Amino acid sequence: MTIDHRAIRWNGWGWTAHKDQLAENDLFWSWLATELGMPALLATPARPLESITIPTSRLPAEHRARFVALLGAERVRDDAYERAYHALGRSYHDLIRLRTGDLSTVPDAVLLPRTSDEVQATLAVCGECGIAAVPYGGGTSVVGALTADPGRFKSVVTISLSEMDRVIDIDAQSMTATFEAGILGPALEKALQAKGLTLGHHPQSFEFSTLGGWIAHRGAGQGSNRYGRAEDWLVGAKVITPRGVLQTGGFPASATGPRLNDLVLGSEGVLGIITEATVRLHALPAASDYRGYLFKDFASGVAAIRSAMINGIDVTMLRLSDSIETKFYRTFGALGKKRTVRDRISQLYLDSRGFDEKSCALIAGFEGESSAVKEARHRFDVLTKKLGALALGESQGKRWKEGRFHGPYLRDPMMDRGVGVDTLETAISWSKLDTLYITVRDAIEAAIRETAPRAGARGLVSCHISHSYTDGASLYFTYIFPRALDGELAQWRTIKRAASDAIVKNGGTISHHHGIGEDHLPWMAVEKGSLGIDILRAVKMALDPKGILNPGKLIPL
Ligand SMILES: Cc1cc2nc3c(=O)[nH]c(=O)nc-3n(C[C@H](O)[C@H](O)[C@H](O)COP(=O)(O)OP(=O)(O)OC[C@H]3O[C@@H](n4cnc5c(N)ncnc54)[C@H](O)[C@@H]3O)c2cc1C
């Protein structure tokens, strides 16, 4: 079930038909302008594709003819829309480039193989002809992992897995399933749920991202506490490399030395192309309970999550917003609505209980057998009560679940009005979490002030925890800021550098689930060490000696 790309924004997020709910909400825009210290928002619409000159394809006719002979003319695409669509990923700075018409990294052609053999033959042509190849799943990378940069080669093609989206096998007895790697989230879950099963991997980009992409960037879905990260559910993979076929894993467990699955997880298309993968499944949960809690401050919310992890409470998701994010969503939800008597009474009650502007909201999700869900919820209720939290009931959880994939649609209307919004994330052990949270937040705020287009302009920097472990948790920062229109990429780089330096200096990983791409390369050596980088380079040499796969990503050269 391949999606028609024309139904998806080539330079923004999601379905083109999606209605911009914010467009008419003047109250929201004037509130945002005030928060950002902007006298008024601007009009900064994206350039239409028709007005942009796309560089001519550098692919020599004889090379193109070889791809056509291999795949058929229909599956060698070099029309403007497909080339523009595949030029970059969907990070903030990718969008800045797309919106302003910088299409300097369009691929010379987009290739659509249908089988592993075709992928292998395609890579062989790339190797023989000296063509760089960028593997492409759903295109939702946010770390510059898809930039169609030819590197030292003369031309570059994108190898899209979108035609490789078949269900190969569902083994209900072993609770595993094998799919082609280009399958999109909704199609994968539909096939499993028809048999009462689920993978349970729901990144916020679920609708538009693929199984291969989830594995290749080592992702984590919103319910990772219960369903695990890609490394927890990957059983084995078939990977086509320029040196041949690599089949990894395939067993429930094995003591045959280091796991080759770990070379596939997070490989970001630089070592090979994943064409098939086998994954571990769960039974569809009989019960699901999502609900809200309010903590007096971030520290007590953090303590609740840590305690739930250490005491093995069976949660699916714990998502704690800091006070800024809590306030943002409260304001956003209340704008334009008449304050009722009930609202006033609730506010009085919160005030009397000491819930002030430092309050932090937490959404907890529980899934599984009804009795297990009840028990987990009860244990979590007891724990949160001891920490002085207020149980807000199911409506908050229901709202979160309904809107779980909607947040990214807010980015384009903001960008249309001179406002930038970006996110970055890390993970850190519990003992260092507080310091890292404050230091990174302050670093982002300072960098936004430093790069602001006018005096007095400032950013809105918020954070949440959405993935947690016994030894620590992820921290996910969202920052909204006035765009410096005369130097937007420099502004982004300054903010990114400040945040990343602060993360690394304070003991965090440079990425918990977004990956490395081009954006995090400068911090890769600090995290892996020079010997670690040498190992990665040696693996790259062993699998892709000519270096044709996704040049300039993941491994500092
Ligand atoms: C709005 C938004 C929300 C997001 N939320 C989350 C989230 O909650 N959790 C999360 O983990 N991530 C999240 N991401 C990041 C992104 O969606 C993930 O990186 C996603 O899993 C990538 O899958 P994809 O199919 O889109 O891969 P792509 O973006 O197409 O590719 C990502 C990388 O993997 C490589 N690749 C893709 N397919 C293959 C393959 N078959 N073989 C080899 N290499 C391949 C590419 O070359 C590239 O390096 C989000 C991104 C956006 C834009």
Side-chain angles (χ1 to χ4, degrees), residues 8-9 12-14 85-86 88-92 94-95 107 113 116 119 123 132-149 158-162 164-165 179-185 188 201-224 229-231 237-241 246 263-277 317 319 404-412 421-425 464 466-467 474 476 478 511-519 543-544 549-555:
I8 305 176
R9 292 193 180 124
W13 184 250
Y85 188 94
H86 292 89
L88 293 158
R90 291 295 176 267
S91 68
Y92 169 71
D94 284 342
L95 295 194
S116 294
V119 171
L123 278 186
V134 180
Y136 192 101
T140 64
S141 164
V142 282
V143 290
L146 289 169
T147 311
D149 183 345
T158 290
I159 301 184
S160 166
L161 274 284
S162 65
M164 293 188 65
D165 62 351
F179 299 94
E180 287 185 331
I183 191 163
L184 289 159
L188 177 143
H201 188 82
H202 288 98
Q204 202 184 30
S205 55
F206 175 74
E207 290 171 280
F208 304 102
S209 57
T210 64
L211 175 62
W214 299 343
I215 298 165
H217 89 105
R218 220 177 179 120
Q222 290 164 336
S224 70
R229 300 161 55 91
E231 65 235 47
K238 181 173 183 175
V239 186
I240 310 301
T241 80
L246 177 70
L263 290 180
V264 182
L265 288 153
S267 55
E268 298 190 5
V270 309
L271 301 178
I273 301 187
I274 305 159
T275 54
E276 294 175 14
M317 182 196 83
R319 190 183 192 284
R404 69 195 292 190
F405 304 132
H406 291 171
Y409 281 104
L410 295 179
R411 188 165 53 168
D412 296 317
V421 52
D422 198 10
T423 62
L424 53 88
E425 38 81 63
H464 65 248
S466 44
H467 305 272
S474 68
Y476 188 100
T478 302
S511 176
H512 169 264
H513 62 264
H514 282 167
I516 298 301
E518 290 177 325
D519 297 359
L543 296 178
D544 178 23
L549 279 168
N550 214 2
K553 322 296 185 330
L554 183 67
I555 305 173

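All ligand and atom numbering here is 1-based and tracks the order in the structure. Note that the structure is predicted; figures quoted are calculated from it, not measured.
- Checked against salt bridge (Lys or Arg N to Asp or Glu O under 4.0 Å), D544 has the following partners two or more places apart in sequence or in another chain: K540.
- For residues 210-223, the set of pairs meeting the side-chain hydrogen bond (donor to acceptor under 3.5 Å, both in side chains) definition, not counting sequence neighbours, comprises S209-W214, R218-E231, R218-D262, Q222-R404.
- Applying the salt bridge (Lys or Arg N to Asp or Glu O under 4.0 Å) rule to D412 yields the partners R9; only residues at least two apart in sequence or on another chain are considered.
- Taking all atoms of both residues into account, the shortest heavy-atom contact from R411 to S91 is NH1-C, 3.7 Å.
- The aromatic rings of Y409 and H406 sit perpendicular to each other, their planes meeting at more than 60°, with 30° as the lower class boundary.
- The protein residues lying under 4.0 angstrom from ligand 1, judged by non-hydrogen atoms, are W13, P135, Y136, G137, G138, G139, T140, S141, V142, A145, L146, L161, A181, P203, Q204, S205, S209, T210, G212, G213, W214, A216, H217, G219, A220, E268, G269, G272, I273, I274, P408, H513, N550.
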Q: Take L95 and R90, measure what side chain to side chain contact (heavy atoms under 4.5 Å, CB included) needs, and give me the verdict at the end.
A: CA-CA 6 Å; L95 295 194; R90 291 295 176 267; 3.9 Å; yes
